Amino acid sequence: MFQSRTNTCGELRLADVGKRVTLVGWLDSIREVSANLIFVVLRDFYGTTQIVADCEEMIRQLKEITRESTIQVTGVVRERSSRNPKQDTGDIELVPERVSVLGRCRYHELPFQVNRSREADEAVRLKYRFLDLRNPEVKRNMVLRSNVVAALRASMIEHGFLEITTPILTASSPEGARDYLVPARNHPGKFYALPQAPQQFKQLLMTAGFDRYFQIAPCFRDEDARADRSPGEFYQLDMEMAFATQEDVFAVIEDVLPPVFEKYGAYHRASSAPFVRIPYREAMDKYGSDKPDLRIDLTVSDATDLLAGCGFEPFAEGNRIKAVVVSGFKETRKFIDKVCADVEVQAGSKMYWFRMDENGEFVGGISKFLSDRHDAVITALQLTPGCFVGLSAGTLDAARKTAGVMVKTLGARVPGHMDPEQYAFCWIVDFPMYEVGEESGELEFCHNPFSMPSGGLAVLEAAERGEVDPLTITADQYDLVCNGVELSSGAVRNHDPDIMVKAFELVRLGEADVKAKFPAMYNAFCYGAPPHAGIAPGVDRMVMLLAGEESIREIIPFPMNKNAQDLMMDAPSEVTQRQLDELHIQLHLPKKE
RNA sequence: GGCCGAGUAGUUCAGUUGGUUAGAACGCUAGCCUGUCACGCUAGAGGUCGUGGGUUCGAGCCCCAUCUCGGUCGCCA
């Protein structure tokens with residue numbers, strides 16, 4: 001019954017006219033032009049081909065087939081009497097001799113129209129993802145993803161990296177996000193954990209003598225989702241280099257990523273090596289963010305001394321005030337209100353504003369509070385007529401964060417302050433090693449304890465003696481940022497057990513804690529470890545940037561929803577009592593109200 | 001867990017101060033149409049207005065509760 005196709009639906013051209021061919025695919029649509037003439041569009045992975053029927057029997061057969069059924073059509077290719085330049089196969093059509101249904105679609109009405117599935121409710125799309133993916137626009141992102149991963153892999157191999165897979169079932173890690181746990185049947189009461197990243201394994205590979213490692217690595221973290229963060233699982237281009245410095249890692253990434261971004265991205269322009277390096281503290285002051293969007297020319301100024309005590313209540317003593325100046329501002333009051341509302345939602349605190357009109361007067365917003373310092377404000381913020389000034393106030397963190405959101409929002413919406421069609425990379429460097437914990441009030445690791453403190457053992461010992469403020473110690477740790485999106489964190493690792501212990505001692509921990517938390521790594525490092533460094537850019541976020549999508553779910557073949565459910569597979573789901581018994585698990589469920 | 005937004009036909013949406021039989025487009029069904037390609041024309045079917053309660057002579061609309069989805073904050077070494 002079923003015979004192999006001779007061609008795909010995207011393949012036939014004028015040169016094929018006269019050939020007898022067999023095509024297979026999905027019945028995309030039927031156009032009934034008259035009782036004696038109908039056109040059927042056949043769609044497969046590769047494209048679409050028009051089938052024309054002008055005899056009674058064939059029309060009857062085709063009209064009986066429901067949309068989205070799979071069919072096989074054998075017939076002769078002929079030139080169309082009216083061509084369609086918008087279609088790759090628009091010069092030809094297939095005159096069918098035999099049609100058979102391979103897989104009948106049982107429904108006349110689908111959950112959504114396949115060619116318009118992106119407009120449908122997302123929960124419905126995810127439940128019927130197999131239909132959603134038939135939409136060429138949706139499918140295209142999966143093809144892009146495959147191409148990008150293949151290009152990254154090829155480039156890494158070309159750079160001398162060895163792809164090595166690491167365990168999925170491993171040990172729970174005491175640091176970082178929540179783990180996904182897997183009960184161990186043969187070890188009652190014990191659990192495997194899915195890796196949050198192959199961090200420790202890749203460092204062990206370095207210790208084992210592998211010089212350059214990489215992996216398109218699945219990572220699992222039980223944390224809540226965001227538009228750009230899939231819950232549960234995601235992929236990283238994980239890499240690590242032995243006997244390497246920060247600059248060695250930068251050089252590889254600066255060589256690998258731009259060509260891929262230029263070839264596969266929606267914008268065919270990417271930063272070239274070397275990417276701009278911005279110290280963390282400078283980024284926070286200048287852009288209000290540790291992931292600045294360098295396509296935007298706006299920056300943040302501190303206006304605390306300038307505006308404190310002006311009488312506007314949020315600018316009261318003790319609050320920090322940040323300002324973002326936008327020149328050439330011609331937008332309406334409605335526009336400003338919308339920006340303020342959107343900034344407040346994203347930043348969690350309010351945005352204030354005023355403008356300088358063409359006569360040099362301050363108007364709108366909080367301008368009436370500024371009359372006593374008109375000239376000083378102009379001088380300090382370097383205002384010119386037509387400037388808009390966005391303001392934020394609060395704790396340093398809150399004011400800075402709000403200002404950062406203002407930069408991105410105003411930059412994206414006010415014409416002339418952003419050159420959007422490019423990929424602007426930068427490195428954020430010199431992250432602080434320690435911070436004072438908000439809850440504990442005591443010194444804590446700022447990021448992860450694997451990173452090498454800049455200055456090594458000496459600086460830690462100086463801090464211990466009180467000669468150096470531990471808050472000024474930075475780590476050889478870096479973030480890769482592109483267009484305001486954090487693509488990756490990386491670091492020169494701390495490969496010296498003495499420095500590890502000392503780093504822990506500063507936060508009131510010690511050798512026993514290092515050994516308890518990272519037994520394999522600590523042990524391995526005692527047998528001669530190379531200095532090493534690495535990074536792990538997020539594959540999903542890179543593809544998202546390249547595809548120009550706003551939602552991470554658009555570039556994942558089978559995404560979970562915001563609540564980490566797979567609506568198509570119905571996961572997570574209950575299991576049988578027998579399964580629980582085998583695993584020695586007793587449920588203790590919260591009471592339902 | 002907090003905050004914001006959404007939930008009306010298979011789908012996307014409209015629905016005025018609370019007032020007759022809840023509309024449109026696409027899709028679906030039937031008919032017409034010999035070159036369509038977002039085909040066109042005519043007709044038809046299709047609704048627990050997320051759910052429950054309340055206010056009212058009367059609720060898609062107002063109030064309360066609740067569920068679901070999305071965004072965001074917390075969280076994400």
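Each chain gets a letter, A, B and so on, in the order its sequence line appears, and its residues count up from 1. This one's a predicted model, so the numbers in the text were calculated from it and none came from an experiment.
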Nearest-nucleotide comparison on RNA chain B, the residue closer to the 5′ end among A:Leu110 and A:Lys86: A:Leu110
Exercise: do A:Thr48 and A:Gln87 side chains pair donor with acceptor under 3.5 Å: yes
Is there a donor and acceptor pair closer than 3.5 Å between the side chain of A:Arg229 and the base of B:C75? yes
For a quick check of understanding: with a heavy-atom distance under 4.0 Å over all strands, which category does A:Lys401 fall into, base, sugar-phosphate or nothing? sugar-phosphate
State which of B:C75, B:C33, B:U36 makes the closest approach to the side chain of A:Glu223. B:C75
Which whole-number value in Å describes the distance from A:Asp342 CG to B:G70 C1'? 15 Å
Expressed as a whole number of angstroms, how long is the span from A:Asp476:CG to B:A77:C1'? 17 Å
For the P atoms, the ones on B:U20 and on B:A59, what distance do you get once it is rounded to whole angstrom? 12 Å
Ion pair A:Glu137/A:Arg140, N-O distance below 4.0 Å: no
Nearest whole angstrom, please: distance from the C1' of B:A77 to the CD of A:Gln236. 12 Å
N/O donor-acceptor pair, side chain A:Asp224 with base B:G74, under 3.5 angstrom: yes
Determine, for A:Asp479 against A:Lys291, whether the closest basic-nitrogen to carboxylate-oxygen distance falls under 4.0 angstrom. no
A:Arg116 CZ - B:A38 P separation (whole Å): 14 Å
Qualifying salt bridge (charged side-chain N to carboxylate O under 4.0 Å, His left out) pairs, either residue in residues 38-49 of chain A, two or more places apart: A:Arg5-A:Asp44, A:Asp28-A:Arg43, A:Arg43-A:Glu68
Are A:Arg493 and A:Glu240 ion-paired here, with the side-chain N under 4.0 Å from a carboxylate O? yes
Determine the interatomic distance between C1' on B:A38 and the same-named atom on B:G27; round to the nearest Å. 13 Å
If we take the C1' atom in both B:U16 and B:G60, what is their distance in whole Å? 13 Å
Using the P atom in both, what is the distance from B:G44 to B:A25, to the nearest Å? 13 Å
Taking atom C1' in both B:G18 and B:G10, what distance in whole Å separates the two? 30 Å
Output yes when at least one side-chain N/O atom of A:Asn563 is less than 4.0 Å from OP1 or OP2 of B:U68, else no. no
If you measure from the Lys or Arg side-chain nitrogens to the Asp or Glu carboxylate oxygens, is any gap between A:Glu549 and A:Arg118 under 4.0 Å? yes
Using only side-chain N and O atoms of A:Ser81, determine if any of them is under 4.0 Å from OP1 or OP2 of B:G35. no
Considering residues, nucleotides and ligands other than A:Tyr107, do more than 12 of their heavy atoms fall under 6.0 Å from its OH? no
For A:Asp222, answer base if it contacts any base atom (sugar-phosphate contacts may also be present), sugar-phosphate if it contacts only those atoms, and nothing otherwise; contact means non-hydrogen atoms under 4.0 Å. nothing
Find which nucleotide of RNA chain B each of A:Arg67 and A:Asn36 is nearest to by heavy atoms, and output the residue with the more 5' nucleotide. A:Arg67
Distance, rounded to the nearest Å, where A:Leu37 contributes CG and B:C37 contributes P: 12 Å
Select base, sugar-phosphate, or nothing to describe what A:Ala120 touches, counting heavy atoms under 4.0 Å on all strands. sugar-phosphate
Across the strands shown, which category fits A:Gln565 at heavy-atom distances under 4.0 angstrom: base, sugar-phosphate, nothing? sugar-phosphate
Between the side-chain atoms of A:Lys562 and the base atoms of B:U68, is any donor-acceptor pair under 3.5 Å? no
Using a cut-off of less than 4.0 Å, is there contact between a side-chain N or O of A:Arg221 and OP1 or OP2 of B:A77? yes
Charged N-O contact under 4.0 Å between A:Arg413 and A:Asp342: yes
Quick one, give me the B/S/- string for nucleotides 40-45 of chain B, reading 5' to 3', where B means a protein heavy atom under 4.0 Å from the base and S means that only happens at the primed atoms, P, OP1 or OP2. ------
N or O in side chain of A:His108 less than 4.0 angstrom from B:G27 OP1/OP2: no
Salt-bridge test for A:Arg125 and A:Asp121: reply yes if a basic N is under 4.0 Å from a carboxylate O, no otherwise. no
What's the closest nucleotide to the A:Ala227 side chain, out of B:C76, B:U72, B:U36? B:U72
Would you indicate what A:Arg43 reaches in the nucleic acid, counting non-hydrogen atoms under 4.0 angstrom: base, sugar-phosphate, or nothing? nothing
Please state the P separation for the pair B:A24 and B:A65 - nearest whole angstrom. 36 Å
Under 4.0 Å, heavy atoms only, any strand: does A:Arg80 hit a base, just the sugar-phosphate, or nothing? base
B:A45 to B:A30 separation - P atoms, rounded to the nearest Å: 15 Å
Does A:Arg83 pair with A:Glu79 as a salt bridge, N-O distance under 4.0 Å? yes
Among A:Tyr522, A:Phe525, A:Phe518, A:Phe504, ring pair (Phe, Tyr, Trp, His ring centres under 6.0 Å) partner for A:Phe450: A:Phe518
Mind checking A:Arg118 for me? I need base, sugar-phosphate or nothing, with any heavy atom below 4.0 Å counting as a touch. nothing
Roughly how far apart, to the nearest Å, are B:U17 and B:G58 at atom C1'? 14 Å
Just checking A:Arg226: base, sugar-phosphate only, or nothing, at a heavy-atom cut-off of under 4.0 Å? base
Tell me whether A:Phe112 is stacked on the nucleobase of B:U11, counting only the six-membered base ring and applying the 5.5 Å and 30° thresholds. no
Could you tell me how the ring of A:His447 sits relative to the ring of A:Phe431: parallel (under 30°), tilted (30 to 60°) or perpendicular (over 60°)? perpendicular
Using a heavy-atom cut-off of under 4.0 Å over every strand shown, decide if A:Ile38 touches base, sugar-phosphate, or nothing. nothing
Report which part of the nucleic acid A:Glu119 touches: base, sugar-phosphate, or nothing (heavy-atom distance under 4.0 Å, all strands). sugar-phosphate
Of all of residues 121-131 of chain A, which get a heavy atom below 4.0 angstrom from RNA chain B, listed by number? A:Asp121, A:Glu122
